[in-house]
Amino acid sequence: LTVLTGVRPGAELIAAEAAIRADVPYVAVLPFPDQERNLSPDSKARYSDLVGRAAGVVQLEKRSPADKDAFVKAMRRRDVWMANAADQAVLVWDEVDNRFDSLFSDLDGRLGADLTVLHP
(Lines give C-alpha, C1' and ligand atoms only; values in the text may rest on other atoms or scores of the structure.)
Protein backbone atom coordinates (compact mmCIF):
# COMPACT_ATOMS: atom_id res chain seq x y z
CA LEU A 1 0.00 0.00 0.00
CA THR A 2 1.22 3.46 -0.91
CA VAL A 3 -0.89 6.57 -0.38
CA LEU A 4 -0.95 9.19 -3.14
CA THR A 5 -1.77 12.66 -1.87
CA GLY A 6 -1.45 16.22 -3.05
CA VAL A 7 -0.40 17.56 0.39
CA ARG A 8 -2.50 20.74 0.03
CA PRO A 9 -4.15 22.01 3.24
CA GLY A 10 -7.22 20.00 4.21
CA ALA A 11 -7.90 16.35 3.46
CA GLU A 12 -4.75 15.99 1.30
CA LEU A 13 -2.48 17.08 4.12
CA ILE A 14 -4.39 14.97 6.64
CA ALA A 15 -3.90 11.94 4.35
CA ALA A 16 -0.13 12.38 4.57
CA GLU A 17 -0.28 12.70 8.35
CA ALA A 18 -2.51 9.63 8.63
CA ALA A 19 -0.08 7.65 6.48
CA ILE A 20 2.76 8.63 8.81
CA ARG A 21 0.76 7.59 11.87
CA ALA A 22 -0.14 4.26 10.25
CA ASP A 23 3.48 3.72 9.14
CA VAL A 24 2.38 3.53 5.50
CA PRO A 25 4.49 5.14 2.77
CA TYR A 26 3.01 8.04 0.85
CA VAL A 27 3.90 9.89 -2.32
CA ALA A 28 3.42 13.65 -2.53
CA VAL A 29 1.93 14.44 -5.94
CA LEU A 30 2.62 18.08 -6.74
CA PRO A 31 1.06 19.75 -9.77
CA PHE A 32 3.84 22.36 -10.02
CA PRO A 33 6.73 23.83 -8.01
CA ASP A 34 6.12 26.31 -5.20
CA GLN A 35 2.48 25.36 -4.70
CA GLU A 36 2.94 26.38 -1.05
CA ARG A 37 3.99 29.96 -1.88
CA ASN A 38 0.72 31.55 -0.68
CA LEU A 39 0.50 29.63 2.59
CA SER A 40 1.13 31.14 6.01
CA PRO A 41 4.60 30.54 7.48
CA ASP A 42 3.26 27.81 9.81
CA SER A 43 1.40 26.09 6.97
CA LYS A 44 4.49 26.31 4.73
CA ALA A 45 6.59 24.64 7.44
CA ARG A 46 4.02 21.86 7.85
CA TYR A 47 3.80 21.39 4.08
CA SER A 48 7.60 21.29 3.68
CA ASP A 49 7.93 18.78 6.51
CA LEU A 50 5.36 16.45 4.95
CA VAL A 51 6.83 16.70 1.46
CA GLY A 52 10.25 16.01 2.95
CA ARG A 53 8.99 12.90 4.77
CA ALA A 54 7.28 11.45 1.68
CA ALA A 55 8.59 8.16 0.30
CA GLY A 56 8.53 9.85 -3.10
CA VAL A 57 7.62 13.14 -4.74
CA VAL A 58 6.07 13.47 -8.18
CA GLN A 59 6.09 16.98 -9.64
CA LEU A 60 4.05 17.06 -12.82
CA GLU A 61 4.95 20.46 -14.26
CA LYS A 62 8.18 22.46 -14.36
CA ARG A 63 6.64 25.93 -13.96
CA SER A 64 4.13 27.48 -11.60
CA PRO A 65 0.88 28.66 -13.21
CA ALA A 66 0.78 32.31 -14.21
CA ASP A 67 -2.90 32.90 -13.50
CA LYS A 68 -6.04 31.34 -12.04
CA ASP A 69 -7.01 29.58 -15.27
CA ALA A 70 -3.58 27.97 -15.55
CA PHE A 71 -3.80 26.97 -11.87
CA VAL A 72 -7.16 25.25 -12.40
CA LYS A 73 -5.80 23.40 -15.45
CA ALA A 74 -2.68 22.28 -13.56
CA MET A 75 -4.78 20.97 -10.69
CA ARG A 76 -7.02 19.11 -13.13
CA ARG A 77 -3.99 17.47 -14.78
CA ARG A 78 -2.76 16.44 -11.32
CA ASP A 79 -6.14 14.92 -10.47
CA VAL A 80 -6.24 12.99 -13.75
CA TRP A 81 -2.71 11.71 -13.14
CA MET A 82 -3.62 10.49 -9.66
CA ALA A 83 -6.85 8.88 -10.89
CA ASN A 84 -4.90 6.97 -13.52
CA ALA A 85 -2.16 5.94 -11.09
CA ALA A 86 -4.45 4.67 -8.31
CA ASP A 87 -5.80 1.17 -7.83
CA GLN A 88 -8.17 2.32 -5.08
CA ALA A 89 -9.19 5.74 -3.81
CA VAL A 90 -10.74 7.53 -0.89
CA LEU A 91 -12.24 10.88 -1.84
CA VAL A 92 -13.20 13.22 1.01
CA TRP A 93 -16.06 15.21 -0.49
CA ASP A 94 -19.31 16.71 0.70
CA GLU A 95 -20.89 16.12 -2.74
CA VAL A 96 -21.82 19.81 -2.78
CA ASP A 97 -18.50 21.41 -3.76
CA ASN A 98 -18.61 21.12 -7.54
CA ARG A 99 -14.83 21.51 -7.86
CA PHE A 100 -14.65 17.76 -7.22
CA ASP A 101 -17.29 16.70 -9.77
CA SER A 102 -14.70 15.92 -12.47
CA LEU A 103 -12.39 14.14 -10.05
CA PHE A 104 -15.25 12.02 -8.75
CA SER A 105 -16.31 11.16 -12.32
CA ASP A 106 -12.74 10.18 -13.26
CA LEU A 107 -12.28 8.04 -10.16
CA ASP A 108 -15.71 6.45 -10.36
CA GLY A 109 -15.29 5.64 -14.05
CA ARG A 110 -11.87 4.11 -13.52
CA LEU A 111 -12.27 2.46 -10.11
CA GLY A 112 -16.00 1.88 -9.59
CA ALA A 113 -16.41 -0.11 -6.37
CA ASP A 114 -12.78 0.61 -5.44
CA LEU A 115 -13.69 4.26 -4.83
CA THR A 116 -14.88 5.23 -1.36
CA VAL A 117 -16.38 8.68 -0.77
CA LEU A 118 -16.13 9.98 2.78
CA HIS A 119 -18.23 12.95 3.81
CA PRO A 120 -16.41 15.50 5.97
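Reckoned from all heavy atoms, side chains included, excluding hydrogens, waters and symmetry mates.
- Through direct or indirect side-chain contacts shorter than 4.5 Å among Ile, Leu, Val, Met, Phe, Trp and Tyr, Trp93 is connected to Leu91, Phe100, Leu103, Phe104, Leu107, Leu111, Leu115, Val117.
- Residue Leu30 holds its CG atom at 8.0 Å from CG of Leu60, rounded to the nearest 0.5 Å.
- Salt bridge status for Asp67 with Lys73: absent, with no side-chain N to carboxylate O gap under 4.0 Å.
- Legend: residues meeting side-chain hydrogen bond (donor to acceptor under 3.5 Å, both in side chains) with Glu61, ordered by chain and number and at least two apart, are Arg77.
- Applying the salt bridge (Lys or Arg N to Asp or Glu O under 4.0 Å) criterion to Asp79, with sequence neighbours excluded, gives no partner residue.
- Hydrophobic clustering of Ile, Leu, Val, Met, Phe, Trp and Tyr side chains at less than 4.5 Å, counting indirect connections, unites Leu13 with Ile20.
- In terms of the side-chain hydrogen bond (donor to acceptor under 3.5 Å, both in side chains) criterion, Gln88 has no residue partners (sequence neighbours excluded).
- Closest non-hydrogen pair, Asp97 versus Asp101, comes out as O-OD1, 4.2 Å.
- Residues meeting the side-chain contact (heavy atoms from CB on, under 4.5 Å) test with Ala55, sequence neighbours left out: Pro25.
- The shortest distance between side-chain heavy atoms of Thr2 and Val27 falls below 4.5 Å.
- Residues passing the side-chain contact (heavy atoms from CB on, under 4.5 Å) test with Asn84 are Val80, Arg110, sequence neighbours excluded.
- Linking ILVMFWY side-chain heavy atoms closer than 4.5 Å, directly or via other members, places Val24 and Val57 in a single hydrophobic cluster.
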Using atom types as modelled, flag every donor-acceptor pair under 3.5 Å from a side chain in residues 45-53 to any protein atom, sequence neighbours excluded.
unit_1, atom_1, unit_2, atom_2, d
Arg46, NE, Glu17, OE2, 2.8
Arg46, NH2, Glu17, OE1, 2.9
Arg46, NH2, Glu17, OE2, 2.8
Tyr47, OH, Gln35, NE2, 3.4
Ser48, OG, Lys44, O, 3.0
Asp49, OD2, Arg53, NH1, 3.4

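- The side-chain contact (heavy atoms from CB on, under 4.5 Å) test applied to Ser105 returns no partner, not counting sequence neighbours.
- Annotation: Arg63, atom CZ; neighbour count of heavy atoms from other residues, nucleotides and ligands within 6.0 Å does not exceed 12.
- With sequence neighbours left out, the side-chain hydrogen bond (donor to acceptor under 3.5 Å, both in side chains) criterion links Ser43 to Ser40.
- Thr5 has its side chain out of reach of Val29: every pair of non-hydrogen atoms, C-beta onward, lies at least 4.5 Å apart.
- With sequence neighbours excluded, no residue forms a side-chain contact (heavy atoms from CB on, under 4.5 Å) with Ala18.
- Smallest separation of non-hydrogen atoms from Ser64 and Pro33: OG-O, 2.7 Å.
- If you chain together ILVMFWY residues whose side-chain heavy atoms come under 4.5 Å of each other, Phe71 ends up grouped with Phe32, Val72, Met75.
- For Glu36, there are no side-chain hydrogen bond (donor to acceptor under 3.5 Å, both in side chains) partners, not counting sequence neighbours.
- Between the Asp106 side chain and the Gly109 main chain, no donor and acceptor come within less than 3.5 Å of each other.
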